[in-house]
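Structure first, commentary second.
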Amino acid sequence: MASRKRGAADPAEERELLSAGDVARTVARMAHQVIEKTALDAPSAPAVVLMGIPSRGAPLARRLAARIAEFSGVEVPTGTLDVTLYRDDLRRRPTRPLEATTLPEGGVDDKLVVLVDDVLFSGRTIRAALDALREHGRPRAVQLAVLVDRGHRELPIRADYVGKNVPTSRGEDVAVLLSELDDRDAVLLRRPLDPTGEVTP
Amino acid sequence: MRHLLSTEGIDPATALEVLDTADNLKRALLGREVRKLPTLRGRTVVTMFYENSTRTRVSFEIAGKWMSADVINVSASGSSVSKGESLRDTALTLAAAGADCVIVRHPASGAAHRLAGWLEEAGTSVVNAGDGMHEHPTQALLDADTLRDRLGSVNGRRIVIVGDVLHSRVARSNVHLLTALGADVVLVAPPTLLPKGVEGWPVTVSHELDAELPTADAVMLLRVQAERMHGGFFPSAREYSIAYGLNEARLRLTPDHAVVLHPGPMLRGMEIASAVADSPRAAITDQVRNGVHVRMAVLYHLLAHEEEANA
């Protein structure tokens with residue numbers, strides 16, 4: 001399998017949107033927002049679980065859970081949810097490798113599930129995630145946390161927690177690098193040198 | 001991947017990708033009430049079996065259905081084949097009727113390759129589910145998957161394959177796949193049940209089962225294929241069983257971690273003693289269970305991607 005590591009030098013113009021420090025601060029801010037919005041440290045709090053969407057949503061969910069524990073003292077269970085088998089574009093791309101799905105202990109039934117992903121773009125990944133999640137149980141509610149919202153939605157989907165809103169053109173590529181999978185933490189905006197070349201999201 | 005016709009010359013990276021997909025599918029379905037994925041909705045899979053089969057046909061059918069493909073079964077009896085239609089015409093008919101994938105079992109070695117050639121233009125994928133005495137690639141993949149489950153890996157393991165190698169497509173597919181994945185394969189059989197040219201295979205050949213058992217990580221038994229034997233390959237069933245059957249005494253010669261595999265159908269008391277087949281060391285029902293996930297993975301790699309330009 002080809003390495004899915006990002007950050008190698010492509011023949012593209014590249015700009016750093018978030019540095020490693022920015023990524024850490026953004027995740028911390030999102031953790032505070034999750035605590036505030038879900039009131040998960042209140043006595044009658046709903047049971048919150050974080051489900052990361054591989055590949056980069058998975059480490060992001062674990063980081064978010066660590067900050068939530070740090071700020072609120074509440075350990076939030078995390079899991080991963082691979083949505084590949086539920087995508088509507090399988091026949092438009094080369095074979096996608098599958099990744100692991102691991103449910104948090106106690107499952108998702110009657111939980112407040114926060115889906116975590118790196119970039120929100122067309123919304124199709126989240127559509128697939130909602131379908132995939134349904135197979136594993138019936139959450140009380142589902143929310144969405146993304147590190148970057150780059151616009152261009154094709155479905156009526158919005159995020160509850162956004163690390164950074166980035167206006168982009170369709171031809172650009174937003175790459176989130178996380179040290180668990182890449183050589184560093186960063187968010188990059190890449191513009192292909194060929195202006196007609198559509199970059200795949 | 002366009003077709004799956006053989007494991008000969010298979011790229012180990014591709015094989016491992018399919019096995020990883022199978023593992024992820026297994027995990028994705030674990031503990032679910034509804035074992036149904038939408039992945040292959042609207043794709044049509046036809047199984048075309050010119051030979052009898054229980055597990056392979058059922059396994060492919062379940063694999064397709066769990067991924068929401070429409071699966072249609074055609075058998076030689078009860079179809080136009082019994083009126084004299086050729087393999088080629090039957091296949092072209094199925095492709096014209098809208099089959100995206102044809103899974104074929106046929107008594108003639110090479111049938112799946114011919115079929116793939118005829119269906120190239122139609123863009124239909126072909127999976128070889130056993131062609132004569134040639135290959136049965138999905139069986140080898142599910143055997144490798146089971147070995148990975150039980151032993152952790154295939155690489156560096158010593159796999160002893162015992163019995164009717166001459167008539168066995170399972171043995172051929174396993175030799176190619178397991179050696180590609182880095183295993184040491186030992187074939188044990190009487191000289192009459194070894195194919196011509198076996199010296200050229202990347203394996204060790206032995207006629208003494210007891211000598212090979214102490215170093216075996218896995219013992220794979222092959223069915224004695226009476227239906228393909230027209231002549232005296234060994235004096236009697238009893239004698240074969242004494243020399244090459246895996247009984248409890250022989251099982252004790254193997255290391256404690258060694259796994260027993262059998263592709264089925266088993267002839268209890270012939271190549272395998274009943275107590276061995278039912279022992280915890282036997283992974284025979286695991287093989288069947290893994291077979292479904294491996295075949296789902298194969299269908300995923302064949303059907304869930306963009307159309308490739310005809311090479």
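What you see below is based on every heavy atom in this structure, not just the backbone, and it leaves out hydrogens, waters and symmetry mates. Proteins come first, then strands; the chains are lettered A, B, ... in the order of their sequence lines, and each starts at number 1.
- Seen from the ring of B:F49, B:R105 does not count as a face-on cation partner, given the 6.0 Å and 45° thresholds.
- Here the CZ atom belonging to B:R172 is positioned 14.5 Å from the CD atom belonging to B:Q139, to the nearest 0.5 angstrom.
- Between the side chain of A:T101 and the main chain of A:D82, a donor-acceptor pair closer than 3.5 Å is present.
- In this structure, the portion of B:L303 lying under 4.5 Å from any heavy atom of chain A is its backbone and not its side chain.
- For B:R43, the part lying under 4.5 angstrom from a heavy atom of chain A is the side chain only.
- Taking the six-membered ring where tryptophan is involved, the planes of A:F71 and A:H32 are essentially parallel, since the angle between them stays under 30° and well short of 60°.
- Heavy-atom contacts from other residues, nucleotides or ligands closer than 6.0 Å to CD of A:E70 number more than 12.
- Applying the salt bridge (Lys or Arg N to Asp or Glu O under 4.0 Å) test to residues at least two apart or on different chains, the pairs with a partner in residues 36-55 of chain A are A:K37-A:D160.
- Other residues, nucleotides and ligands contribute only 12 or fewer heavy atoms inside 6.0 Å of the CD atom of A:E105.
- For residues 126-142 of chain A, a heavy-atom distance under 4.5 Å to chain B picks out A:E135, A:H136, given by residue number.
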